[in-house]
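What you see is a predicted model; the values in this text were computed from it and never measured. The figures that follow rest on heavy atoms only: side chains count, while hydrogens, waters and symmetry mates do not. Atoms within each ligand, like the ligands themselves, are counted from 1 in listed order.
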Amino acid sequence: MNIALASDHGGFKLKEEIAGLLGEAGIKYKDFGAFSEEAVDYPDLALIVAEGVRSGDFDRGILCCGTGIGVAIAANKVPGIRAALCHDTFSARAAREHNCANILTLGQRVIGPGLARDIVTTWLEAEFKAGRHARRVEKIAAIEQKYNRCSR
Ligand code: RB5
């Protein structure tokens, strides 16, 4: 598995923690920054990761900001992206099993590093269950198609 990883300044420390976890687990990843707590705009980092996952260059993405909300909203604007904000392991597992979430988002100002590690591990290990869930994920793609056909 190849992971695209990024954060803004508000999620920098959590992103570093997750990079450490991925490294310890021997999971391949690319860190797109931020590389300090200097302020950057979270949509810029979310777009890099979302486009990396959409293109197939990366299997999945992980994004951190202060709340996890901004990066989730931005990443979900990219067609084919299903970014899920998860601050508990139950949601992290369901995000994969039910929603086939291809990006996980986390908020550094919301949860601590220990819980974040458990959430990331749970999300990485869980698999999409398909079946009835596949039909629903296809309907999400159909919503994207409907609006892609509109001129504005
Ligand atoms: C940055 O201050 C903060 O707004 C950002 O990290 C994130 O929480 C946005 O959703």
Side-chain angles (χ1 to χ4, degrees), residues 1-25 27-126 128 133 136-137 139-141 143-148 150 152:
M1 193 184 300
N2 195 6
I3 305 288
L5 176 67
S7 73
D8 73 351
H9 56 291
F12 168 70
K13 285 179 182 160
L14 185 55
K15 187 262 294 174
E16 294 292 292
E17 182 77 27
I18 293 166
L21 169 68
L22 296 175
E24 289 161 22
I27 296 169
K28 193 175 168 194
Y29 70 95
K30 180 165 180 179
D31 184 349
F32 288 98
F35 298 110
S36 76
E37 292 187 278
E38 186 179 335
V40 290
D41 296 334
Y42 61 81
D44 297 337
L45 284 307
L47 182 61
I48 291 169
V49 167
E51 288 187 333
V53 172
R54 174 177 167 77
S55 69
D57 288 347
F58 295 90
D59 302 304
R60 296 200 218 162
I62 300 176
L63 284 162
C64 304
C65 66
T67 59
I69 297 170
V71 286
I73 292 172
N76 277 318
K77 297 297 180 191
V78 175
I81 294 305
R82 295 174 300 279
L85 169 59
C86 300
H87 284 150
D88 64 88
T89 55
F90 179 86
S91 299
R93 185 174 299 104
R96 283 296 305 156
E97 292 183 349
H98 292 206
N99 313 115
C100 199
N102 48 16
I103 293 181
L104 172 68
T105 78
L106 297 157
Q108 177 182 301
R109 298 172 186 159
V110 184
I111 55 169
L115 177 56
R117 280 175 164 258
D118 283 353
I119 289 167
V120 169
T121 301
T122 300
W123 183 75
L124 289 174
E125 289 177 355
F128 183 44
H133 303 297
R136 294 160 186 165
V137 170
K139 287 189 176 186
I140 294 172
I143 293 170
E144 289 175 344
Q145 285 301 312
K146 178 179 175 182
Y147 286 94
N148 283 342
C150 290
R152 64 185 172 91

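- Closest approach of Val49 and Ala4 over heavy atoms only: CG1-O, 3.8 Å.
- Nearest heavy atom pair, residue Ser7 against residue Phe12, reads OG-CA, 3.4 Å.
- Checking only distances, Gly66 does come within under 3.5 Å of ligand 1, N or O to N or O.
- The nearest heavy-atom contact from the protein to atom 8 (O) of ligand 1 is Thr67 N, 3.0 Å.
- Here the protein heavy atom with the shortest distance to atom 7 (C) of ligand 1 is Cys65 SG, 3.4 Å.
- In terms of protein heavy-atom proximity, atom 2 (O) of ligand 1 is nearest to Arg109 NH1, 3.4 Å.
- Using bins of under 30°, 30° to 60° and over 60° for the plane-to-plane angle, the ring pair His133/His98 lands in the parallel bin.
- The nearest heavy-atom contact from the protein to atom 10 (O) of ligand 1 is Gly70 N, 2.9 Å.
- In Asp8, the part holding a heavy atom less than 4.0 Å from any atom of ligand 1 is the side chain.
- For the pair Asn2 (side chain) and Phe58 (backbone), a donor-acceptor distance under 3.5 Å is absent.
- Nearest non-hydrogen protein atom to atom 9 (C) of ligand 1 is Tyr42 CE2, 3.5 Å.
- Any N or O atom pair closer than 3.5 Å counts here, and Gly68 shares no such pair with ligand 1.
- Nearest heavy atom pair, residue His87 against residue Leu115, reads O-CD2, 3.6 Å.
- When hydrogens are left out, the protein atom nearest atom 1 (C) of ligand 1 is His9 NE2, 3.7 Å; that is the closest non-hydrogen contact.
- When all heavy atoms are compared, the tightest approach of Ala72 to Thr105 is CB-OG1, 3.6 Å.
- Looking only at distances, no side-chain donor or acceptor of Lys13 sits under 3.5 Å from a matching main-chain atom of Gln108.
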